[in-house]
There are 2 protein chains.
Amino acid sequence: MTVLAATSSEPTRLTSAQRVLSILGVFSSEHLALSLSEISRRTGLTLTTTHRLVNELRTWGALRRDNDGRYTIGLRILELGTLAPQGLQLREVALPFLDDLRHATHANIHLAVADGHDVIYIESLRARHGVPVLSRLGGRWPMHATGTGLVLLAYSSQEFQEEVLRSKLRQFTAQTVTCPEALRVRLAEVRKSGVAITENQLTQDALAIAAPIRGPRDAVVAAVGVTVPTGSASPHSLVPALAATARGISRALGAPSATPVSGVPVSSPPRIRGLNRSVPRQGR
Amino acid sequence: MTVLAATSSEPTRLTSAQRVLSILGVFSSEHLALSLSEISRRTGLTLTTTHRLVNELRTWGALRRDNDGRYTIGLRILELGTLAPQGLQLREVALPFLDDLRHATHANIHLAVADGHDVIYIESLRARHGVPVLSRLGGRWPMHATGTGLVLLAYSSQEFQEEVLRSKLRQFTAQTVTCPEALRVRLAEVRKSGVAITENQLTQDALAIAAPIRGPRDAVVAAVGVTVPTGSASPHSLVPALAATARGISRALGAPSATPVSGVPVSSPPRIRGLNRSVPRQGR
DNA sequence: ACGGAACTTCCGTCGAACGGAAGACCGTTT
DNA sequence: AAACGGTCTTCCGTTCGACGGAAGTTCCGT
């Protein structure tokens, strides 16, 4: 009744859709299982509302109740996620190539696409006895600190590049490059050489090499990267294999620049929804 | 206000959370990209409501607007889905074993877990020149019609088995076994032999062999399966390799029955949230 | 036995979600 | 050209369901 004192930070008016999404949003790789009251606290929703929404999510299959009473993400969400067009569909095409690359290099392999200012790994193969790395399938990391991210950024629009460079760039290690000017230079190098070679950007003692993957209209749609321990014997020797893999995947996607001049593709060029850029239909 | 005529099928009162989820629910492997009005029609929501909710979902990253104006599932959902504990975490452990199996058998390999009356494939590796199969990562198929599903069902509780057998069992091919009594016999065979061997159940000309994977408390948490064309040379020769793979993954998960009697595990048994069954805390 | 914490249920109030209607913007047809 | 069917977008008044407080229940630890 009385005026709410300014004790709380913000009034935070939320729509009911946002409430639902905020519940899903509190789950992360550090918080795989949460109790009801933990969800309530972390979302800022009242316990009653949390209780009701969580149950609706559980009924639908978005959440699952663990045996110890805590909630986790349900398989229905995993199922849904595989429908993302730039995601596991692309993965399907690329997987054989990535497997070859892993056997040839004994390195950790990543396939990444852009989402916002980040990359998301849509595949992550770790070498049998390779160094453990942070990158998991589904992992999200800032573009400026990853090899694959630098590649994707280098081939983005000028405006987008500046938007990213203007944002706050997190420093992960002492060597992480966060200076916009230095990054512009690096991006130019990537465009010139066609590969990104970065060291100790996201984690110490890791060297990453990445190359662009092109789609049907030669647009860069993904990036493939290998990660090896810093100081590995001749990391530059990995570049040819990586470039061949990127080219192979691009060709399988129907990229003109990777297709033999004969013109006729060997197999039917797979149509992947969302990778085939076309002109928007309606204006505004 | 005048009484609504009985023109429409049901009144279908939905909560706002259900409305949000119903929008996500209309996406499927057959409908990867939908226009606003398609979503509206398929959910039964008014265009206005659909418009508002779809935009909230897009802002959050659950949906993505395609270049042709249609909507697809966004990478944020893929990211979320990887947090499902029985999902890609288990996959991480199993992947090296599955890769070995693929190279040894040149067959299509699946890793499946139970969800409702279905199995969901949390990994699907196709042999380099193997027969194309329906199973995609994230794919969902009824238990009674898949090899991995039969295994998971065979090791489920008696009540759950009966619940599934009582439900409507879809017939996929002329040979699909849908008779409850015949299925009970098959389930008993699976429990006795430890493997399921099925033929032409989901698709014609496919033979599937599957075996259970056990977790920390020896509970069956997943199943691994291989699929080969019907009439392949000696499918039974695949059983030992499959059993070894299942046992290897079980051991890596810390299953007592797959761990050497010495007792001390070689490496730290990975704790995967949701696989470690424990007694529920609160009642009701 | 007591106190605290987490979870669940009930219920009256209120405001946000809802849908109708109208406008903007296509592409196609006559 | 004009009319039409389709899709998408914006606006706004009304209503009903989402919301949160409060009380009840169960389970811990002390």
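In the text below, chain A, chain B and the rest are named by the order of the sequence lines, each starting its count at 1.
Although no hydrogens or angles enter the test, the distance criterion places no donor-acceptor pair under 3.5 Å between the side chain of B:Arg136 and the main chain of B:Ser124.
Protein atom NE2 of A:His51 is 9 Å distant from nucleotide atom P of C:dC7, rounded to whole Å. Rounded to whole Å, atom P of C:dA17 lies 13 Å from atom CD1 of B:Ile23. When the P atom of C:dA16 is taken as reference, atom CD of A:Gln18 falls 12 Å away, rounded to whole Å. Look at CG on A:Leu45: it is 15 Å from P on C:dC7, rounded to the nearest Å. As a whole-Å value, the separation of A:Tyr71 OH from C:dT8 C1' is 10 Å. Rounding to whole angstrom units, CG of residue B:Asp66 and C1' of D:dC8 are separated by 16 Å. Atom CD in A:Glu56 sits roughly 15 Å away from atom P in C:dT8 (whole-Å rounding).
Here the nucleotide nearest the side chain of A:Arg65, chosen from C:dG19, C:dT8, D:dC8, is C:dT8. Taking only side-chain atoms of B:Leu47, from C-beta outward, the nucleotide of D:dC8, D:dA18, D:dC19 with the closest atom is D:dC8. Among the nucleotides C:dC7, D:dC8, D:dG20, the one closest to the side chain of A:Arg19 is D:dG20.
Side-chain contact between A:Gln89 and A:Glu92 is absent, with no heavy atoms from C-beta onward closer than 4.5 Å.
No side-chain donor-acceptor contact under 3.5 Å links A:Thr72 and A:Asp66.
Between A:Arg52 and D:dC19 there is a side-chain polar atom (N or O) within less than 4.0 angstrom of OP1 or OP2. The side chain of B:Arg41 places an N or O atom within less than 4.0 Å of a non-bridging phosphate oxygen (OP1 or OP2) of D:dT7. In terms of phosphate contacts, A:Ser37 brings a side-chain nitrogen or oxygen within less than 4.0 Å of OP1 or OP2 of C:dC7.
Stacking of B:Arg91 on the aromatic ring of B:Tyr121 is not recorded, the 6.0 Å distance cut-off and the 45° axial limit not both being met.
Ion pairing between a basic and an acidic side chain is recognised when a charged N comes within 4.0 Å of a carboxylate O; B:Asp115 and B:Arg140 show such pairing.
No hydrogens or angles were tested; on distance alone, a donor-acceptor pair under 3.5 Å links the side chain of A:Thr48 to the base of D:dG21.
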